[in-house]
Amino acid sequence: MEMTYYEEPARKIPVIDTVDVLVAGSGPAGFSAAVCAARQGARVMLVEALGAVGGIATSGMMSHFTGSVRSEFYEELLGRMMEKRRFPDEKAPRVTIDPEQLKQIELDMLKEAGVRLRLYTFVSGAIAQDGAMRGVILESKSGREAVMAKIVIDATGDGDVAARAGVPFSLGREEDHLMQPVTIMFKVAGVDTDRAVFPGSFETTVETDKGELQALAKEKLPFPAGHVLLYRTTLPGVVTLNMTNAIGIDGTSADDLTRGEVICRSQMEAIVNFLREYAPGYENCYQIGSASLLGVRETRHFKGEYTLTREDVLSCARFDDWVVREARFNFDVHNLTGASLDKTGAQKYFPRDNQYEIPYRCLIPQGIDNLLLAGRCISGTHMAHSNYRVMPMCVAMGEAAGYAAALAVRRNVSVRSVDAHDIQALLTQGEK
């Protein structure tokens with residue numbers, strides 16, 4: 001079908017604010033960037049499309065922070081989560097998330113830092129001039145508006161700002177542009193957690209009276225669902241499920257996001273019935289809630305000043321301009337064409353001593369200045385991305401981006417001119 005067009009008349013857009021640092025997206029990376037920049041004295045505005053901060057950690061109802069990283073800000077966040085935990089449970093790890101509590105924790109931290117927060121607002125355009133970012137275009141109930149900024153941090157996950165600014169990127173896996181499947185997390189209650197099983201990886205097998213649980217899921221659940229991932233929560237009798245699955249979804253397409261939402265929700269009843277029938281401890285479970293944000297694992301990979309690779313991860317790469325350190329996870333590649341783990345992924349048998357670094361150059365996109373990437377949209381290959389896309393590393397990337405932006409503003413220089421060693425000094429200030 002041939003595309004038709006409507007020519008929009010030119011109009012003036014009100015500039016509602018001028019700030020030092022504009023952060024787009026309040027997920028783990030964006031939230032961290034905003035707080036850290038503001039704590040360094042920058043005037044910061046954080047823009048979020050949803051009605052809550054936290055992104056996939058909160059609106060996405062994520063079960064826990066997975067993987068690990070050395071980051072003072074991440075440790076502070078975990079500490080605040082533990083302080084607020086309502087039902088202390090030694091069996092629920094420290095990294096277990098209570099999404100409702102985390103929403104308030106993050107709002108409190110943003111307020112303490114003096115961040116101007118704008119919810120229910122979508123960043124729809126980039127304002128660039130003379131090869132540098134100057135601000136963004138917003139769309140909301142308030143209409144079409146502009147915010148001017150010295151530095152913009154793109155923490156949208158999909159890199160919406162960078163894409164609109166013309167930064168080169170590729171979608172998904174290099175050879176075919178397929179992307180990892182999407183998921184809607186949801187919770188069940190009524191679980192006998194003393195007897196319940198908690199397979200935490202695709203490679204975790206569970207023998208039951210009726211057969212091996214992962215094999216049963218592949219046989220009984222509607223394709224492309226077909227694996228069992230169950231996680232403890234901080235609440236009695238409540239378990240978080242990472243079991244819905246939709247493949248062939250492009251997270252940069254509204255039509256595809258809609259299709260992914262419909263597919264994942266259509267699987268939930270069958271998943272609950274499956275657990276009641278086959279999973280020990282889940283005989284009386286029932287659904288009590290689901291995420292309001294579709295979990296998109298992979299979309300755009302931007303071209304930065306350096307592209308992190310699979311080999312960098314496996315070789316435990318070190319960089320003079322590191323801004324993320326002691327990053328550790330596995331190649332968490334969900335099956336791009338079905339359920340469970342992709343043949344290229346590795347979890348249970350991945351080397352556990354792999355600690356690598358991410359250089360500042362991965363956060364600096366090519367072709368434009370005063371724009372920083374933070375989160376899963378940084379410059380990296382499909383395989384490297386499957387490792388660094390997890391939330392602790394995104395928090396650390398945001399922490400670094402926030403400090404870098406604040407330094408650039410304070411010194412009135414471009415983000416490219418910020419010395420990574422000065423960022424490192426801020427990242428390690430609590431260690432002295």
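Residue numbers start at 1 and run along the sequence shown.
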Margin query: Is the distance from the ring center of F169 to that of H301 below 6.0 Å?
Written below: no
Notebook entry, point to check: If you measure only the distance, is there a donor-acceptor pair under 3.5 Å linking the side chains of T18 and R43?
Noted result: no
Margin query: Before you tell me yes or no, could you show the steps for Y74 and F65 under ring-ring contact (aromatic ring centres under 6.0 Å, His included), namely the whole-Å CA-CA distance, both residues' side-chain angles and the distance that decides it to 0.1 Å?
Written below: CA-CA 10 Å; Y74 176 54; F65 287 95; 5.6 Å; yes
Notebook entry, point to check: Could you state the interatomic distance from CD1 (I247) to CG (L336), rounded to the nearest 0.5 Å?
Noted result: 9.0 Å
Checklist line | Between S140 and R118: side-chain donor-acceptor atoms closer than 3.5 Å | finding: yes
Checklist line | H421 NE2 to Y360 OH distance, which is reported to the nearest 0.5 Å | finding: 13.0 Å
Notebook entry, point to check: Taking side chain as C-beta onward, heavy atoms only, is T121 less than 4.5 Å from E145?
Noted result: no
Notebook entry, point to check: When the aromatic ring centroids of F331 and F350 are compared, is their separation below 6.0 Å?
Noted result: yes
Next item on the list: Taking atom types as modelled, find out whether N335 and T337 have a side-chain donor-acceptor pair closer than 3.5 angstrom.
Entry: yes
Checklist line | Minimum-distance pair of heavy atoms, taken over all atoms of V228 and A217 | finding: CG2-CB, 3.6 Å
Check: What are the two closest heavy atoms between R318 and Y356, and how far apart are they?
Finding: NH1-CA, 3.6 Å
Item checked: Nearest non-hydrogen partners of A246 and P224, listed with the distance -> CA-CG, 4.1 Å
Notebook entry, point to check: CG of N242 to OG of S201: how many Å apart, nearest 0.5 Å?
Noted result: 11.5 Å
Check: For F223 and Q267, what are the C-alpha separation, side-chain angles and deciding distance, and is it a side chain to side chain contact (heavy atoms under 4.5 Å, CB included)?
Finding: CA-CA 9 Å; F223 182 85; Q267 298 166 356; over 6 Å; no
Margin query: Closer than 3.5 angstrom, by distance alone: can the side chain of T233 be matched with the main-chain N or O of V238 as a donor-acceptor pair?
Written below: yes
Next item on the list: Go through the steps to decide whether Q424 and W322 satisfy the test side chain to side chain contact (heavy atoms under 4.5 Å, CB included), and finish with yes or no.
Entry: CA-CA 8 Å; Q424 294 165 10; W322 66 265; 3.4 Å; yes
Item checked: Electrostatic pair R80:E112 at N-O distance under 4.0 angstrom -> yes
Check: Less than 4.0 Å between a side-chain N and a carboxylate O, is that true for D332 and R389?
Finding: yes
Next item on the list: Supply the atom-to-atom distance N354 CG to N387 CG, rounded to the nearest 0.5 angstrom.
Entry: 6.0 Å
Next item on the list: I would like to know whether R173 and D176 meet side chain to side chain contact (heavy atoms under 4.5 Å, CB included); could you show each step before the answer?
Entry: CA-CA 6 Å; R173 189 163 59 184; D176 55 17; 2.6 Å; yes
Note to self: For K111, is there an ion pair with D108 - N to carboxylate O distance below 4.0 angstrom?
What the structure shows: no
Note to self: Looking at S315 and E311, would you say the former's side chain and the latter's main chain have a donor-acceptor pair under 3.5 Å?
What the structure shows: yes
Notebook entry, point to check: Checking T58 side chain against V53 main chain: does a donor-acceptor pair fall under 3.5 Å?
Noted result: yes
Check: Is the NZ or CZ atom of R232 both under 6.0 Å from the centre of the six-membered ring of F198 and within 45° of that ring's axis?
Finding: yes
Next item on the list: State whether R411 and D422 are salt-bridged, where the test is any N-O pair (Lys NZ or Arg NE/NH1/NH2 against Asp/Glu carboxylate O) under 4.0 Å.
Entry: yes
Notebook entry, point to check: Are R300 and D160 ion-paired here, with the side-chain N under 4.0 Å from a carboxylate O?
Noted result: yes
Next item on the list: Could you tell me whether the side chains of Y388 and D312 share a donor-acceptor contact shorter than 3.5 Å?
Entry: no
Item checked: Gap between atom CG of N370 and atom CG of L372 - 0.5 Å precision -> 8.0 Å
Notebook entry, point to check: Minimum heavy-atom separation for V21 to A405, with atom names?
Noted result: CG2-CB, 3.8 Å
Note to self: When you compare the side chains of D154 and T156, does any donor N or O come within less than 3.5 Å of an acceptor on the partner?
What the structure shows: yes
Checklist line | Main-chain N/O of G200 paired with Y231 side-chain donor or acceptor, under 3.5 Å | finding: yes
Item checked: Heavy-atom side-chain proximity of V167 to I368 below 4.5 angstrom -> yes
Notebook entry, point to check: Within the distance-only criterion (no hydrogens, no angle test), does the side chain of S32 pair as donor or acceptor with the backbone N or O of E399 below 3.5 angstrom?
Noted result: no
Check: Can you find a heavy atom in the side chain of Q104 that is under 4.5 Å from one in the side chain of L107?
Finding: yes
Check: When you measure from the side chain of T299 to the backbone N and O of T252, does any donor-acceptor pair fall under 3.5 Å?
Finding: no
Note to self: Taking the side chain as everything from C-beta on, heavy atoms only, tell me whether R94 gets closer than 4.5 Å to M81.
What the structure shows: no
Check: Quick one: CZ on R416 to CG on D369, what's the gap to the nearest 0.5 Å?
Finding: 5.0 Å
Margin query: Could you tell me if the side chain of M243 sits less than 4.5 Å from the side chain of M185, heavy atoms only?
Written below: no
Note to self: Set out, in order, the CA-CA distance, both residues' side-chain angles and the distance that settles side chain to side chain contact (heavy atoms under 4.5 Å, CB included) for M268 and Q287, then state yes or no.
What the structure shows: CA-CA 8 Å; M268 291 181 182; Q287 184 176 345; 3.5 Å; yes
Next item on the list: Give a yes or no answer on whether the side chain of T96 reaches the backbone of P93 with a donor-acceptor pair at less than 3.5 Å.
Entry: yes
Note to self: When you measure from the side chain of Q366 to the backbone of G304, do you find a donor-acceptor pair of N or O atoms at a distance under 3.5 Å?
What the structure shows: yes
Note to self: Would you say that S386 contacts Q180 through its side chain, given a criterion of any heavy-atom pair below 4.5 Å between the two side chains?
What the structure shows: yes
Notebook entry, point to check: With the threshold set at 4.0 Å, does a side-chain nitrogen-carboxylate oxygen contact exist between R361 and D321?
Noted result: yes
Next item on the list: Decide yes or no on side chain to side chain donor-acceptor pair (under 3.5 Å) for D342 and T344, but give the supporting numbers first.
Entry: CA-CA 5 Å; D342 188 78; T344 61; 2.6 Å; yes
Next item on the list: Answer whether the closest heavy-atom distance between the side chains of R116 and V19 falls below 4.5 Å.
Entry: no
Check: Can you say whether the rings of F73 and F31 are parallel (under 30°), tilted (30 to 60°) or perpendicular (over 60°)?
Finding: tilted
Note to self: Between S379 (side chain only) and Y306 (backbone N and O only), is there a donor and an acceptor less than 3.5 Å apart?
What the structure shows: yes
Check: Counting only heavy atoms not in N412, do more than 12 sit closer than 6.0 Å to its CG atom?
Finding: no
Check: Do NZ/NE/NH1/NH2 and the carboxylate oxygens of E431 and R70 come within less than 4.0 Å?
Finding: yes
Check: Salt bridge between R39 and E76, side-chain N to carboxylate O under 4.0 Å?
Finding: yes
Next item on the list: Consider only side-chain N and O atoms of E298 and H382, and report whether a donor and an acceptor are under 3.5 Å apart.
Entry: yes
Note to self: Testing the basics here: between I378 and L373, what is the closest heavy-atom pair and its distance to 0.1 Å?
What the structure shows: CG2-O, 3.8 Å
Next item on the list: Answer yes or no: is there a side-chain heavy-atom contact under 4.5 Å between V324 and E357?
Entry: no
Check: Side chain of T244, backbone of I184: donor and acceptor closer than 3.5 Å?
Finding: yes
Check: Considering all heavy atoms of both residues, which atom of P181 and which atom of N245 are nearest to each other, and what is their separation?
Finding: CB-OD1, 3.3 Å
